[in-house]
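Taking it in order: structure first as structure tokens, then the write-up.
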Amino acid sequence: MLGTARPTQNSAGALSSLQRQNTHLKSAFLQYQLYRLLNSHCFCLLKNGMGLIIFFLCAYVPKTEAGRCKWAAVLEDLERIKTSKDIDVSLYTANADEDEECQELVMRCFFLETAVIIQECRIKNCSKTQDVWNIWKNGNESFEKNKLTSTKSEKCKECEEYEEKNFAEFVQNFVKVIQRDCKH
């Protein structure tokens, strides 16, 4: 059979030809498998309009892990840094029980204050600098990814309006706010 013959070292053209044939065979095989799949009993719904609508709706539903919070990575890093003894800084700390419509602004405040911790860690060469950096990075990525843009309401405070608290209280409130957000 031509497909199993091995070309000699001097026949680069023959090798190229066999590779093209092999690619064509793979393509034909894939098309045949797709044809069989679409004609199977499982996909008979795709032959009518309603089946196609259901298929496309299911295909474009966002895939999320059940029970997994979008802030899970941030929570893990907060657990790592909460006992750090080499981070000694006062930070504007939002209340964990702020009004629901202020939730996004509260989260933004916590992530802005994380940048202050990063600066403090750079100066003091903290052991948890990478974890703090991960918190800041993951928070900003989530805000960018979800295009979160809330408008300031009369109820909501600016970050600088909150009381300054020590690092341990800051982390404790940050965790509470994230856990509250994850429940919704």
Side-chain angles (χ1 to χ4, degrees), residues 37 42-43 45-46 50-184:
L37 180 67
C42 296
F43 288 96
L45 283 175
L46 293 178
M50 184 57 74
L52 285 172
I53 291 170
I54 292 170
F55 174 78
F56 284 112
L57 285 175
C58 292
Y60 289 103
V61 170
K63 307 284 188 271
T64 58
E65 294 178 45
R68 177 107 168 132
C69 175
K70 66 182 175 185
W71 305 111
V74 173
L75 275 174
E76 291 170 14
D77 287 321
L78 282 170
E79 287 299 316
R80 282 190 210 99
I81 70 167
K82 74 179 183 181
T83 58
S84 179
K85 301 294 182 206
D86 52 356
I87 301 174
D88 182 29
V89 63
S90 293
L91 303 155
Y92 294 115
T93 306
N95 303 319
D97 58 349
E98 280 293 327
D99 194 271
E100 184 66 32
E101 70 182 74
C102 300
Q103 184 72 11
E104 184 185 330
L105 291 172
V106 166
M107 291 295 278
R108 284 187 188 276
C109 181
F110 277 109
F111 286 110
L112 283 171
E113 290 299 284
T114 305
V116 174
I117 300 171
I118 291 171
Q119 292 303 321
E120 179 76 12
C121 281
R122 285 185 179 157
I123 294 168
K124 292 187 174 181
N125 199 19
C126 299
S127 60
K128 303 293 184 179
T129 303
Q130 186 60 50
D131 295 316
V132 177
W133 175 255
N134 290 343
I135 292 168
W136 183 82
K137 184 182 71 151
N138 289 329
N140 284 327
E141 282 178 5
S142 186
F143 281 123
E144 287 297 316
K145 185 177 174 182
N146 297 317
K147 298 291 182 205
L148 300 174
T149 54
S150 66
T151 56
K152 180 161 171 21
S153 131
E154 295 298 320
K155 294 180 186 178
C156 304
K157 294 180 181 180
E158 292 290 332
C159 196
E160 293 78 17
E161 293 179 83
Y162 290 108
E163 182 182 341
E164 284 190 30
K165 295 185 179 178
N166 67 30
F167 175 73
E169 289 177 284
F170 173 84
V171 172
Q172 185 179 18
N173 279 14
F174 198 176
V175 168
K176 286 179 186 176
V177 168
I178 289 177
Q179 288 171 341
R180 178 181 173 194
D181 190 68
C182 288
K183 289 180 183 175
H184 293 112

Query raised in the report: Side chains of Cys159 and Arg108: closer than 4.5 Å at any heavy-atom pair?
Result: no
Requested in this report: Could you grab the distance from atom SG of Cys109 to atom CD of Glu160, nearest 0.5 Å is fine?
Outcome: 7.0 Å
**Report entry** Audit row: Val132, Trp136, side chain to side chain contact (heavy atoms under 4.5 Å, CB included) steps and yes/no
**Finding:** CA-CA 6 Å; Val132 177; Trp136 183 82; 5.8 Å; no
**Report entry** Sub-4.5 Å side-chain heavy-atom contact between Gln103 and Val177
**Finding:** yes
Requested in this report: Report the distance from atom CD1 of Ile87 to atom NZ of Lys82, rounding to the nearest 0.5 Å.
Outcome: 13.5 Å
Query raised in the report: Taking side chain as C-beta onward, heavy atoms only, is Ile117 less than 4.5 Å from Ile135?
Result: no
Requested in this report: Any chance you could measure Asn173, atom CG, to Glu113, atom CD, to the nearest 0.5 Å?
Outcome: 12.5 Å
Report summary line: When rounded to the nearest 0.5 Å, the distance separating CH2 of Trp133 from CD1 of Ile81 is 14.5 Å
Query raised in the report: Are any non-hydrogen side-chain atoms of Lys124 and Asp86 less than 4.5 angstrom apart?
Result: no
**Report entry** Min side-chain heavy-atom separation Met107-Ile178 under 4.5 Å
**Finding:** yes
Query raised in the report: Going by an N to O cut-off under 4.0 Å, is there a salt bridge joining Arg180 and Glu100?
Result: yes
Requested in this report: Give a yes or no answer on whether the side chain of Asp131 reaches the backbone of Asp77 with a donor-acceptor pair at less than 3.5 Å.
Outcome: no
Query raised in the report: With distance as the sole test, does Asn95 use its side chain to make a donor-acceptor pair with the main-chain N or O of Glu98 at under 3.5 Å?
Result: no
Query - Distance-minimising heavy-atom pair for Cys156 and Leu105 - result: CB-CD1, 3.7 Å
Query - Residues, nucleotides or ligands: over 12 heavy atoms within 6.0 Å of Asp99 CG - result: yes
Report task. Enter the distance from Tyr92:OH to Glu161:CD here, rounded to the nearest 0.5 Å. Result -> 10.5 Å
Requested in this report: For the residue pair Gln130 and Asn134, confirm or rule out a side-chain donor-acceptor distance under 3.5 Å.
Outcome: yes
Query raised in the report: What distance do Ile118 atom CD1 and Lys137 atom NZ have between them, rounded to the nearest 0.5 Å?
Result: 11.0 Å
Query raised in the report: For Leu91 and Thr93, which heavy atoms make the closest approach, and how far apart are they?
Result: O-OG1, 2.9 Å
Query - Backbone N/O of Phe110 and side chain of Thr114: donor-acceptor pair under 3.5 Å - result: yes
Report task. If the plane angle is over 60° it's perpendicular, under 30° parallel, otherwise tilted; pick one for Phe111 and Phe174. Result -> perpendicular
Report summary line: Heavy atoms of Glu164 and Ser90 approach each other most closely as OE1-CB, 3.4 Å
